[in-house]
Amino acid sequence: MAPPEPRDPARTRKPREAGTRAILDVLLDGDHQQALDFSALLGGLGRRAFGMLLFVAALPAFIPIPIGGALSGPLVVLIAAQLLVGLRRPWLPGFIARRGPKRQSLARFERIVDPWLLRLEHLVRPRLAAVLDHRLATAFTGLLLLLLGVLLSLPIPLTNYLFGGIILVFALALLERDGALMLGAWGLGLAALATTGALSGGLVAALQPVLGRFL
């Protein structure tokens, strides 16, 4: 009896899911004046849908308008709260779900981040799934994003790009299913929160003598 043929690893390996740039290419294919429905954005993404929502939520933070953070922040908080409580799929109120960004806006945003995505594409890959899927890890991710979303909502000068950029790292980690990148996002998030807290505390301490004259 002939021995069984060795199994070809290429035939049994699970195909890798499309990366972030490939997903954006699909979303941008069409009329650039048309607004995207969030249900179309999330369709077929499974657990990666949180990453796509975060990616889109960060978009206004990179638009040079004073209220960019005020638009991004509440949506980030909404997504973060769902990760914190352990929802497996994101939920959006109807009035938000029906009013996604226009392809034109998404295309401008894509031109900004595409050079960075191109560099990251060779580094990120699905790994360390426990960092993404474990209940406590997901709750910790949600907590950090919740705090970053609150800070993004506040009118703190020159911080929109900083907090928006960190939120993008979280989004990419979820989209690419990269637990190692998520660990990096945790580090960036903690550093940003600690720095903001220290600066805020220092500012309050510096203003106390001045405020004391009027109180």
Side-chain angles (χ1 to χ4, degrees), residues 17 20 23 37-62 67-101 113 124 126-156 159-201:
E17 294 176 295
T20 305
I23 295 172
D37 191 316
F38 271 114
S39 60
L41 286 173
L42 307 180
L45 290 178
R47 292 184 64 85
R48 299 196 299 165
F50 283 105
M52 177 51 70
L53 266 183
L54 278 176
F55 197 91
V56 175
L59 191 156
F62 292 89
I67 61 170
L71 295 174
S72 282
L75 186 52
V76 171
V77 168
L78 175 63
I79 300 164
Q82 294 178 49
L83 287 168
L84 185 58
V85 301
L87 291 190
R88 297 187 65 82
R89 291 181 181 277
W91 171 85
L92 290 174
F95 72 95
I96 294 178
R98 292 188 295 270
R99 299 183 65 179
V113 300
V124 298
R127 52 186 165 178
L128 300 180
V131 179
L132 302 168
D133 298 333
H134 192 281
R135 177 68 189 87
L136 291 178
T138 301
F140 186 63
T141 296
L143 177 62
L144 289 179
L145 283 168
L146 186 90
L147 296 173
L148 289 169
V150 170
L151 289 176
L152 184 58
S153 303
L154 300 176
I156 306 174
T159 58
N160 277 13
Y161 280 19
L162 171 64
F163 296 135
I166 295 173
I167 289 166
L168 271 185
V169 178
F170 277 91
L172 289 172
L174 291 168
L175 272 168
E176 300 286 350
R177 301 288 299 157
D178 191 336
L181 184 59
M182 181 60 77
L183 291 175
W186 287 358
L188 290 172
L190 288 170
L193 293 171
T195 302
T196 304
L199 291 175
S200 300

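Side-chain atoms of V124 and L172, non-hydrogen and from C-beta on, never get closer than 4.5 Å to each other. You'll find the side chain of L193 reaches within 4.5 Å of the side chain of L151, heavy atoms only. Considering only heavy atoms from C-beta on, R127 comes within 4.5 Å of D178 through its side chain. Residues I167 and F55 fail the side-chain proximity criterion, which asks for heavy atoms closer than 4.5 Å. Between Q82 and F50, the closest side-chain pair of non-hydrogen atoms falls below 4.5 Å. No side-chain heavy atom of V76 sits less than 4.5 Å from a side-chain heavy atom of L148.
To the nearest 0.5 Å, the span separating CG on L147 from CZ on F163 amounts to 10.5 Å. Expressed to the nearest 0.5 Å, how far CG of L75 lies from CG of L152 amounts to 10.5 Å. If you take CG on L145 and CG on L78, they are separated by 12.0 Å, rounding to the nearest 0.5 Å. Between the CG atom of L71 and the CG atom of L59 there is a distance of 10.0 Å, given to the nearest 0.5 Å.
Salt bridge annotation for R88-D133: absent, with no cationic side-chain nitrogen under 4.0 angstrom from a carboxylate oxygen.
A donor-acceptor contact shorter than 3.5 Å links the side chain of T138 to the backbone of L132. Put simply, the side chain of S72 never gets that close to the backbone of G69: no donor and acceptor are under 3.5 Å apart. Side chain of R48 to main chain of L175: a donor-acceptor pair is present (N/O by atom type, distance under 3.5 Å, no hydrogens or angles).
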Q. Between L144 and L190, does a side chain to side chain contact (heavy atoms under 4.5 Å, CB included) hold up when you go through it step by step?
A. CA-CA 7 Å; L144 289 179; L190 288 170; 3.7 Å; yes

Q: Report the C-alpha separation of W186 and V131 in whole Å, then their side-chain angles, then the decisive distance to 0.1 Å, and conclude whether the side chain to side chain contact (heavy atoms under 4.5 Å, CB included) test is met.
A: CA-CA 10 Å; W186 287 358; V131 179; 3.9 Å; yes

Q | Worked verdict on M182 versus T141 for side chain to side chain contact (heavy atoms under 4.5 Å, CB included) | A | CA-CA 8 Å; M182 181 60 77; T141 296; 3.8 Å; yes

Q: Evaluate side chain to side chain contact (heavy atoms under 4.5 Å, CB included) for F170 paired with L188, printing each intermediate quantity in order.
A: CA-CA 10 Å; F170 277 91; L188 290 172; over 6 Å; no

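Across all non-hydrogen atoms, the minimal contact from A192 to I166 is CB-CD1, 3.5 Å. Scanning both residues, G164 and A58, for their nearest heavy atoms gives O-CB, 4.2 Å. T159 and I156 get closest at one heavy-atom pair: OG1-O, 2.7 Å. Taking every heavy atom of both residues into account, L53 and P90 meet most closely at CD1-CB, 3.5 Å. Of all non-hydrogen atoms in A57 and I79, the two that sit nearest each other are CB-CD1, 4.1 Å. Minimum interatomic distance between G149 and V77 (heavy atoms only, all atoms of both residues): C-CG2, 3.7 Å.
Among residue pairs with one or both ends in residues 69-89, none qualify as ring-ring contact (aromatic ring centres under 6.0 Å, His included); sequence neighbours excluded. Within the structure, the ring-ring contact (aromatic ring centres under 6.0 Å, His included) test picks out no pair touching residues 69-92 (sequence neighbours left out).
Shown here are the side chain to side chain contact (heavy atoms under 4.5 Å, CB included) partners of A70, two or more places apart in sequence or in another chain: I67.
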